[in-house]
Amino acid sequence: MTLSSRIFFSKTITLLKPRFLFYPFSTHHHKHDAVIHRFRFSVNQHSLLRDLNSVKDRPLAAFGLFRWAEKQSGFHGGYIFMRSVYRFMEKAIDAKIDGVVLDVLVTGAVRGGGGNNLEVSVKLLDLLLWVFTKKSVLEKCLRIFYKMIHNGLLPDVENCNRILRLLRDRNMMNGTKEFYSVMVVCGVRPTIVTYNTMLDSFCKQGEVEQAMELLYMMPKLGCDPNDVSYNILVNAWSRKRDFVRAKELIEEMLKLGLKVSAYTYNPLVCGYCEKGMFGKVDDLGVEMSDSRALPTVSTYNAVMDGLCKSGRVIDATGFLDIMESKNLKPDLVSYNTLIDGYSKLGHLREAFSLFGKLIKKNLVPNVVTYNTLIDGFCRLGDLDDARRMKDYMIRHGPHPDVFTFTILVWGFYKMGNLSMAKELFDEMQHRGLQPDCFAYRTRRVGELKFGDPSAEAFGMQEEIEAKGFPLDLITYNVVINGLCKLGNLDEADKLVQEMLYNGIVPDHVTYTSIIHGHLMAELLEEARDLFDKMKEKGISPSVVTYTVLIHSHAVGGMLNHAIAYLNEMENKDVLPNVITYNALINGFCKEGKMDEAYNFFRGMEKKGISANKYTYTILINENCNLWHWQHWQEALRLYREMLDREIEPDSCTHSALLKHLRKDYKSQAVKLLENVISGSE
DNA sequence: TTGAAGATGA
């Protein structure tokens, strides 16, 4: 917003004039003059607005009033009546006379012969444009924009930027580029905001390289990139999980003396957290405090979410206190994140205790909070309580949404209660909620996975299709994956044929499912063939594809193959994750090659990928298998290390550790062990 | 921050 327009909208308009008799405007409307003449106005804002209301159904009268306001604004130096005029524009749009207003303003400006009048007309056109950008009515904005420039009138660059943002948000890259060229050719001088919007458009389209080109071209275009420009690109590389390039840009920012902030670091923190690279997150934390880019509540929320997603909910909860100690107030998102963490683990008691805590802190649970808890009930198979909670929401609010119902529908499908699933789906619609693609997919997957592929389900498919949601790739993937997991490779193959027939191209997820299915059926050669076929078709294998291949080959003792896959993925910049490393460590342990296993263990940590309970269990198990004093010591050391790092062992870890003890001693032994370890600190 | 879904340990 320019300074002047800020003045327009912040000033309260109190200027009063005695009375004002309205006179019509240009001559070609004179046959309606009689209508317009009947309007008299006292000149203060309230009556003006009242009058605008009263003429809403009479476009021409309203238009006359508008002309009057226009003259007033010109007369009083341009800002006195802007707020009224703004309200008028909104009303004109409601009354669908904005087209007339546009025409007259443009012709008025053109005929008016320049000067003050022209300036006012352009201001008013900009105001009209502003109203439409605020309403996100792109089509109208473009119409006004093009009409203006065709008549030699230049819209305000701020409005152009707003239109660019609308184009960006609709992913219309070509439209964005075209609009940018037109505005520049017509003489609108781009600002840093224009360029930053363009950068963001490129990034949102995945064309980050193009954005980089623009970034480095900006100085030549007479506009040096600022911190926001860099933040956009750091964000883009982080989203692409190319952390190296993201970091390079941050270093460049520091070198250039640009301001780094939480906005710069948060996307990177999010990326590392999502990948479970908590070592890197720690490093970033240090770097942030060094460069005075202090973490915000969002930063901590991202870390907490990452920890929850890797099962470290207790660590995540610890951040509530850490935040408080730094004078940051955990917000509803913080609590929702933790509640979700506990709900997903089935620890509803903790989830509800947090629910109580957030209320004590005067935060108000929202629909997400409730949905998360309902999901927790569903995961435990407690559909009664899940449904009761939904009914509570209907009575007391917040009102259930499409998420609420989708969660419940899926919950009932998983319990095999198809009729309740359908009932809730119908209830959602009866309550006026419009199912989205998630909801429809859930219904389809539910029927395909848990129901009979009967005629009724078939009818449902057509019904959904008629609503504009055709069977899509994700639905096929979900079902194909389910079949592969059950070992039903023939049925899975049939579905692949069917999706091809329907013109849907299998992607890396489809292939990974089928490859995995073959691997589990010990059809390694076929799996390798499928892998080659997938690459021939130009489908890039993902980290999951490589991981399932590495796992099966490593477990089968084919360590050379496993290593070859690891090298291949690293050459293709597909980053291995903790599961990939676990598969390798597991394979090398099984072959008794402990040195190599430990090398991978150290290597992953060096890359910032933290070991998890599986990693430790594999190593502990192998050390215990060796059944030798030194190895037993090593197993204990590992166990202690994982406790130190607050990685919670589970029953698997314990039985690995105590595999040589008799069963009756085991539970006692675990307690003893905890004592020994904590006592020796 | 919530809904369907591809992978790991005894």
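Order of the sequence lines fixes the chain letters, A, B, ..., with proteins taken first and strands second; residue numbering starts at 1 for each chain. All values derive from a computational prediction rather than experimental measurement.
Side-chain atoms of A/Arg602 and A/Asn599, non-hydrogen and from C-beta on, do get closer than 4.5 Å to each other. Counting heavy atoms from C-beta outward, A/His518 and A/Ile515 have side chains that stay 4.5 Å or more apart.
Distances from the side chain of A/Val544 to the nucleotides B/dT2, B/dG6, B/dG3 place B/dG6 closest. Among the nucleotides B/dA5, B/dG3, B/dT8, the one closest to any side-chain atom of A/Asn582 is B/dT8. Across B/dA4, B/dT8, B/dT1, the shortest atom-to-atom separation from the side chain of A/Val478 is found for B/dA4. Distance from the side chain of A/Asp401 is smallest to B/dT2 among B/dT2, B/dA4, B/dG9. Closest to the A/Ile474 side chain, of the nucleotides B/dA10, B/dG9, B/dA4, is B/dA4. For A/Thr512, the listed nucleotide lying nearest its side chain is B/dG6; candidates were B/dG9, B/dT2, B/dG6. For A/Thr653, taking side-chain heavy atoms from C-beta onward, the closest of the listed nucleotides B/dA7, B/dT1, B/dG9 is B/dG9.
Here the P atom of nucleotide B/dA5 and the OH atom of A/Tyr476 are 18 Å apart, to the nearest Å. Taking atom CD of A/Gln434 as the reference point, atom P of B/dG3 lies 21 Å away to the nearest angstrom. One can place NE2 of A/His654 at 16 Å from P of B/dA10, the figure rounded to the nearest angstrom. Atom NZ in A/Lys485 sits about 13 Å away from atom P in B/dA4, given to the nearest Å. One interatomic measurement links the two molecules: CZ of A/Phe588 to P of B/dG9, which rounds to 16 Å at whole-angstrom precision. The interatomic distance linking A/Asp375 (CG) with B/dT1 (C1') rounds to 13 Å, in whole Å. To the nearest angstrom, C1' of B/dG3 lies 8 Å from CG of A/Asn371. Counting to the nearest Å, the C1' atom of B/dG3 and the CG atom of A/Leu433 are 13 Å from each other.
Within the 4.0 angstrom heavy-atom criterion, only backbone atoms of the sugar-phosphate kind lie near A/Val548; the bases stay farther away. Note on A/Asp331: nothing from the nucleic acid sits closer than 4.0 angstrom, heavy atoms only. Contacts of A/Thr404 with the nucleic acid, taken as non-hydrogen atoms under 4.0 Å apart, are absent. Contacts of A/Thr547 with the nucleic acid, taken as non-hydrogen atoms under 4.0 Å apart, include base atoms. The residue A/Asn301 sits apart from the nucleic acid: no heavy atom pair falls under 4.0 Å. Residue contacts for A/Ser542: at a heavy-atom cut-off of 4.0 Å it reaches a base atom on one of the strands shown. Within 4.0 Å (heavy atoms only), A/Asn477 reaches no atom of the nucleic acid at all.
Note that A/Arg444 lies outside the cation-pi zone of A/Tyr476, set by a 6.0 Å cut-off to the ring centre and a 45° limit from the axis.
The base of B/dG9 has none of its N or O atoms less than 3.5 Å from a complementary donor or acceptor on the side chain of A/Asn612.
Residue pairs satisfying the side-chain hydrogen bond (donor to acceptor under 3.5 Å, both in side chains) criterion with at least one member in residues 347-363 of chain A, sequence neighbours excluded, are listed as follows: A/Glu324-A/Lys361.
Within residues 407-417 of chain A, the residues that have a heavy atom under 4.0 Å from DNA chain B are, in order of number, A/Ile407, A/Trp410.
Close placement of the A/Tyr546 and A/Phe531 rings is indicated, their centers lying within 6.0 Å of each other. Between A/Phe405 and A/Phe412, the ring centre distance reaches or exceeds 6.0 Å.
B/dG3 has its base stacked against the ring of A/Phe403, the centroids being under 5.5 angstrom apart at an interplanar angle below 30°.
No side-chain donor-acceptor contact under 3.5 Å links A/Thr442 and A/Thr406.
OP1 or OP2 of B/dG3 sits under 4.0 Å from a side-chain N or O of A/Lys344. Within the structure, a side-chain polar atom (N or O) of A/Arg379 is placed less than 4.0 Å from OP1 or OP2 of B/dA4.
Taking a cutoff of 4.0 Å between a charged side-chain nitrogen and a carboxylate oxygen, A/Lys485 and A/Glu491 do not qualify as a salt bridge.
Side-chain atoms of A/Asp507 come within 3.5 Å of backbone N or O of A/Thr510 as a donor-acceptor pair.
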